[in-house]
Amino acid sequence: MIWDFQKYGNYTAILDEYGKSLTYEALDKEGRLVAEAAGRRCLAFLLCRNEIGALVGYTGMLNGGMVPLLLNSHVNREALEGLLAVYRPAYLWAPEGIPFPDLTPVYDAFGYRLLQTCYETEYPLHPELALLLTTSGSTGSPKFVRQSRTNIQANAKSIAAYLELDETERPITTLPMNYTYGLSIINSHLLAGATLLVTDKSLTRREFWSFFQEAGATSFGGVPYTYEMLDRMRFQRMDLPSLRTMTQAGGKLSPALHEKLAGEALAAGRRFVVMYGQCEATARMGYLPPEKAAEKCGSMGIAIPGGKFHLVDEEDREITVPGVSGELIYEGPNVALGYAERGEDLRKGDEWGGVLRTGDMARFDEDGYYYITGRKKRFLKIYGNRVNLDEVDALVKGRFPALECASAGADDRLYVFITDQERAEDVKEFLIHKTQLNSSAFRVVCLDEIPKSDSGKTLYRKLEEYYA
């Protein structure tokens, strides 16, 4: 069991934009019914929306000992079919509007159906395995992070501690629940007895802000793109007297915007909390205390309660001098068990032993506050989604085998360099369809040739002049 919902009894656990609500006692009861309908510990795909039905399924499965694998309900159907073939789940918990004519419905509630699959055999599940979350998700990769109950509980408790969460909190959903950051907000607030304000509406919609004001939202979270959008909307002029806390993760804010948001929050008597995390650490690893938001502008902060950071150089020697960049290593009980890339991996135990090599380069200052300086590997954060550039290259080359390409870029801007101008629009449309990311994230640039070294390796640094 992850949460003891009986502890908060008649407190409201969930309230949606249509006025529907569930108490903690009711959430516990409804979740048990989902798990009982499945009847056993097994793998289930959960197609997520920010709706009561998705949360009932998620909490019921976790507390009932099932292992949910979370996907966005808008996942590309071809990618979904591929994942089903790889992992062979026993059930799907999916919105009623998504057709699965070959599957057998065994239970329904709150607009969702529990659908039984027909695979002859299922993969064994390790006793510690509790949850499967995607690392990049948007490309339909079969790679997932294997999280345990200990991971989920440890991280939720740590987040609740440093954010000082209690039952008076009313966070509003601004991020998909299948995204590790969005899910961490749900996990930590349910642990604290708070009321989740659930909506699938975008922050650009008037309905979102009407619900925000009517329900008295006290906090929300966002990735850098979220705050860039809010800044353009002149968010600071809105009348939001109930708002107490804004959190940010999913990539690094520009120093100028960080400074502006910190100053505005201070002036309004609110907390602005910059955080750092990865799915491989269940969610959060670091946070910048709100009282340091302006003073330590650009920093992602210190390790969360129960965790520890250190840096190593290229020879794996620990860096002990402030201002020197090295790979960031994290240790803590929230470090996940490892990856799964196929069904057989679900039987694996803890492969990481509580230690995570983040792949991020960082430095720390004289006060022990950490600053991310770059990435060791080829990843970008696109509107909060971590995208593997090597995987993007493989996708393009797989779809356009005669096309030479190389991807690069900066956060929220992915540049794909090709050598055939006539295929530029085709490449862009393919990536939009395949990743389900906003079209504004992509730039396709045509070059006479892709710069390469004498050994034939792409010179990615030579491409920086096109976007740096």
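- Taking the side chain as every heavy atom from C-beta outward, Leu183 and Leu70 approach each other to under 4.5 Å.
- Two residues are said to be in side-chain contact when any heavy atoms from C-beta on lie closer than 4.5 Å; Phe220 and Phe212 meet this criterion.
- By the 4.0 Å N-to-carboxylate-O rule, Glu425 lies too far from Lys428 to be salt-bridged with it.
- Within a 6.0 Å radius of CZ in Arg77, more than 12 heavy atoms belonging to other residues, nucleotides or ligands are found.
- Salt-bridge annotation for Asp420 and Arg423: absent, with no side-chain N of the basic residue lying under 4.0 Å from a carboxylate O of the acidic one.
- Using a cutoff of 4.0 Å between basic side-chain nitrogens and carboxylate oxygens, Glu128 and Arg149 are not scored as salt-bridged.
- Proximity of Ile186 to Leu196: side-chain heavy atoms (C-beta onward) are separated by under 4.5 Å at one or more points.
- Lys252 and Asp360 are not joined by a salt bridge, as no carboxylate oxygen comes within less than 4.0 angstrom of a charged side-chain nitrogen.
- Across Arg270, Arg170, Arg271, Glu169, a single residue satisfies side-chain contact (heavy atoms from CB on, under 4.5 Å) together with Arg244, and that is Glu169.
- Comment: Asp313 engages Arg317 in a salt bridge, judged by a side-chain N to carboxylate O separation of less than 4.0 angstrom.
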Given the rule in the side chain to side chain contact (heavy atoms under 4.5 Å, CB included) test, do Ile418 and Glu404 qualify, once you have shown the distances and angles that lead to the verdict? CA-CA 6 Å; Ile418 63 174; Glu404 190 176 4; over 6 Å; no
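- A ring-centre distance under 6.0 Å is not found for Tyr415 and Phe442.
- His258 places a side-chain heavy atom less than 4.5 Å from the side chain of Leu288.
- The two residues Arg49 and Pro95 come nearest to each other via the heavy atoms NH1-CB, 3.5 Å.
- Contact of the Lys397 side chain with the Leu403 side chain is not registered, since no non-hydrogen atoms from C-beta on lie closer than 4.5 Å.
- Using a 4.0 Å cut-off between charged side-chain N and carboxylate O, Arg342 and Asp345 make a salt bridge.
- Exactly one of Glu351, His126, Glu280 qualifies for a side chain to side chain donor-acceptor pair (under 3.5 Å) with Arg146. That residue is Glu351.
- The environment of Lys348 atom NZ is dense: over 12 non-hydrogen atoms of other residues, nucleotides or ligands sit within 6.0 angstrom.
- When each of Tyr330, Phe309, Tyr287 is paired with Tyr370, the ring-ring contact (aromatic ring centres under 6.0 Å, His included) condition holds for Phe309 and for no other.
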What verdict does the side chain to side chain contact (heavy atoms under 4.5 Å, CB included) test give for Thr59 and Phe5, after you've listed the backbone C-alpha separation in whole Å, the side-chain angles of each residue and the deciding distance to 0.1 Å? CA-CA 10 Å; Thr59 57; Phe5 289 151; 3.9 Å; yes
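- Taking the six-membered ring for Trp and thresholds of 30 and 60 degrees, Tyr181 and Tyr179 have ring planes more than 60 degrees apart, a perpendicular arrangement.
- In this structure, Lys296 pairs ionically with Asp367, as a charged nitrogen and a carboxylate oxygen lie closer than 4.0 Å.
- Note: Tyr8 and Tyr11 have tilted aromatic rings, judged against thresholds of 30 and 60 degrees for the angle between ring planes.
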